[in-house]
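Below you'll find the structure, written out as structure tokens, and then a few comments.
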Amino acid sequence: MNSFSIRTNDLKKSFGGTNALQNVSFDFSAGLLHGIIGSDGAGKTTAMRLLAGLLKPSAGAIHYYNNGVPAAFGELRPSLAYMPQQASLYPDLSIDEHLEFFRELYCLDPAFYARRSAELLEITRLGKFRERRAGQLSGGMYKKLGLMCALLQSPSVLLLDEPTNGVDPISRREFWEMLYDLAADKILIIISTAYMDEAERCSRVHLLDRGLLLGAGEPRAVLKENGAAKFEDIFIRQGAGK
């Protein structure tokens, strides 16, 4: 079984005169649920797109590992699923039609697809809404459909860019319950979020502020190291010092 991890060294990404990421070194250990935490403009989406291979760094490097051995991105790519922040589904297609579309895209075996899609429909509780079009789904249901499409191929690496942004509290809780179930399978999950309360739900956190990495590690250890009771305090202190 593949067990992927990702590390970056002094990663930098600039857009014109704007530095979206400034010499950031991430360490995403295999089999854990990692959170990239930061407000709007922190560089979270840029980081996710770089990790997914959708952008090239301006400087620095991204290193991929399979079972601890250096691997080319091409080796990881078939096992990677990326769920972008912006709406990416087809509003006129139903849930069933989306699953069929991604089945063909991934060239999945019919027997595997039947088993996997049934499993995902049960996990997301969307089985009763299979004929409903994506444009008619609630925010929480829409995000669940996006997650289903990303998970259909059973990835070893899952990148989720602010998947709970704009959804109601109940849907947020249900989404995290699904993430915990996925984390139990020891796949590498990297989720970005601006919700500070979600930071404590991660195995490891990576705090970003205006392109700078403020700290990283196990949530409680990061709070203790910074003498903070809440993650908001770390960001407020950082803002006060600039």
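We number each residue from 1, following the sequence as shown.
- When the side chains of ILVMFWY residues are joined at heavy-atom separations under 4.5 Å, either directly or via intervening members, Val205 and Leu223 end up in a single hydrophobic cluster.
- Residues Asn9 and Ser25 have side chains that never bring a donor and an acceptor to within less than 3.5 angstrom of each other.
- Scanning both residues, Leu50 and Leu21, for their nearest heavy atoms gives CD1-CD1, 3.5 Å.
- Considering only heavy atoms from C-beta on, Leu160 comes within 4.5 Å of Leu179 through its side chain.
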*Does the side chain to side chain contact (heavy atoms under 4.5 Å, CB included) test come out yes or no for Phe231 and Asn226, once each step is laid out?*
CA-CA 9 Å; Phe231 284 97; Asn226 285 273; over 6 Å; no
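- The distance between the ring centers of Phe101 and Tyr90 falls below 6.0 angstrom.
- In this structure, CD1 in Ile234 is found 6.5 Å from CZ in Arg237, a value given to the nearest 0.5 Å.
- Contact of the Glu75 side chain with the Tyr64 side chain is not registered, since no non-hydrogen atoms from C-beta on lie closer than 4.5 Å.
- For the pair Lys144 and Tyr142, the cation does not sit on the ring face, since its NZ or CZ is not both under 6.0 Å from the ring centre and inside 45° of the axis.
- The local environment of CZ in Arg133 is sparse, with at most 12 non-hydrogen atoms from other residues, nucleotides or ligands closer than 6.0 Å.
- Looking only at side-chain heavy atoms (C-beta outward), Leu55 and Phe15 come within less than 4.5 Å of each other.
- At least one donor-acceptor pair under 3.5 Å links the side chain of Asp168 to the backbone N or O of Ile170.
- Rounded to the nearest 0.5 angstrom, Leu212 CG and Gln22 CD are separated by 4.5 Å.
- Side chain of Thr124 to main chain of Leu120: a donor-acceptor pair is present (N/O by atom type, distance under 3.5 Å, no hydrogens or angles).
- The minimum heavy-atom distance between Leu89 and Cys149, with the atom names listed, is CD2-SG, 4.3 Å.
- Ile6 and Leu33 are assigned to two separate hydrophobic clusters, defined by single-linkage of ILVMFWY side chains at heavy-atom distances under 4.5 Å.
- Between Leu80 and Leu159, some side-chain heavy-atom pair lies under the 4.5 Å cut-off.
- Leu99 places a side-chain heavy atom less than 4.5 Å from the side chain of Ser117.
- Nearest heavy atoms, Glu97 versus Asp92: OE1-O, 4.0 Å.
- To the nearest 0.5 Å, atom CD of residue Gln238 and atom CG of residue Leu208 are 11.0 Å apart.
- By the 4.5 Å heavy-atom criterion applied to side chains, Ile36 and Ile190 are counted as neighbours.
- Using a 4.5 Å cut-off between side-chain heavy atoms of Ile, Leu, Val, Met, Phe, Trp and Tyr, with links allowed through other members, Met178 and Phe129 fall into the same hydrophobic cluster.
- Between Ser192 and Asp161, the closest side-chain pair of non-hydrogen atoms falls below 4.5 Å.
- A pairwise comparison of heavy atoms in Arg116 and Leu152 identifies CG-O, 3.4 Å as the closest pair.
- Using a 4.0 Å cut-off between a side-chain N of Lys or Arg and a carboxylate O of Asp or Glu, Glu162 and Lys44 qualify as a salt bridge.
- Lys230 has no carboxylate O lying under 4.0 Å from a charged side-chain N of Glu200, or vice versa, which leaves the two without a salt bridge.
- Under the 4.5 Å side-chain criterion, counting only non-hydrogen atoms from C-beta, Phe102 is not in contact with Leu108.
- Across every non-hydrogen atom of Leu147 and Met83, the tightest pair is N-SD, 3.7 Å.
- Put simply, Ile191 and Val24 are part of two different groups of oily side chains (I, L, V, M, F, W, Y) that touch within less than 4.5 Å, one to the next.
- Lys12 places no side-chain N or O within donor-acceptor distance of the main-chain N or O of Pro57, the cut-off being under 3.5 Å.
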*asked:* Pair Leu182, Leu158 - check side chain to side chain contact (heavy atoms under 4.5 Å, CB included), show working.
replied: CA-CA 10 Å; Leu182 292 170; Leu158 183 60; 4.0 Å; yes
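- Within 6.0 Å of CD on Glu122 lie no more than 12 heavy atoms contributed by other residues, nucleotides or ligands.
- Considering OG of Ser5 and CG of Asp27, their distance stands at 7.5 Å, rounded to 0.5 Å.
- If you take NE2 on His98 and CG on Leu126, they are separated by 12.0 Å, rounding to the nearest 0.5 Å.
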*Please test Arg130 against Ser94 for side-chain hydrogen bond (donor to acceptor under 3.5 Å, both in side chains), starting from the C-alpha separation and ending with a verdict.*
CA-CA 7 Å; Arg130 295 171 60 169; Ser94 68; over 6 Å; no
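- Annotation: cation-pi geometry satisfied between Arg172 and Tyr195 (NZ/CZ under 6.0 angstrom from ring centroid, within 45° of ring axis).
- Separating the NZ atom in Lys56 from the CD1 atom in Ile62 is a distance of 11.5 Å, to the nearest 0.5 Å.
- Ring orientation note: the planes of Phe26 and His206 are nearly perpendicular, at an angle over 60° on the 30°/60° scale.
- Of the N and O atoms on the side chains of Thr164 and Glu198, at least one donor lies less than 3.5 Å from an acceptor on the other residue.
- Side-chain atoms of Arg77 do not come within 3.5 Å of backbone N or O of Ala52 as any donor-acceptor pair.
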*Intermediate values then yes/no, side chain to side chain contact (heavy atoms under 4.5 Å, CB included), His34 and Leu188*: CA-CA 8 Å; His34 294 262; Leu188 173 58; 3.5 Å; yes
_Apply side chain to side chain contact (heavy atoms under 4.5 Å, CB included) to residues Phe112 and Arg115 and explain how you reach the verdict._
CA-CA 5 Å; Phe112 171 83; Arg115 183 174 64 255; 3.4 Å; yes
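- Note: the hydrophobic cluster containing Met196 also contains Val222 (ILVMFWY, side chain heavy atoms under 4.5 Å, direct or indirect links).
- Using cut-offs of 30° and 60° on the angle between ring planes, the pair Tyr65 and His63 is tilted.
- Between the side chain of Gln153 and the backbone N or O of Pro155, no donor-acceptor pair lies under 3.5 Å.
- Seen from the ring of Phe28, Arg7 does not count as a face-on cation partner, given the 6.0 Å and 45° thresholds.
- The shortest non-hydrogen separation linking Ser14 to Asn19 is OG-OD1, 2.7 Å.
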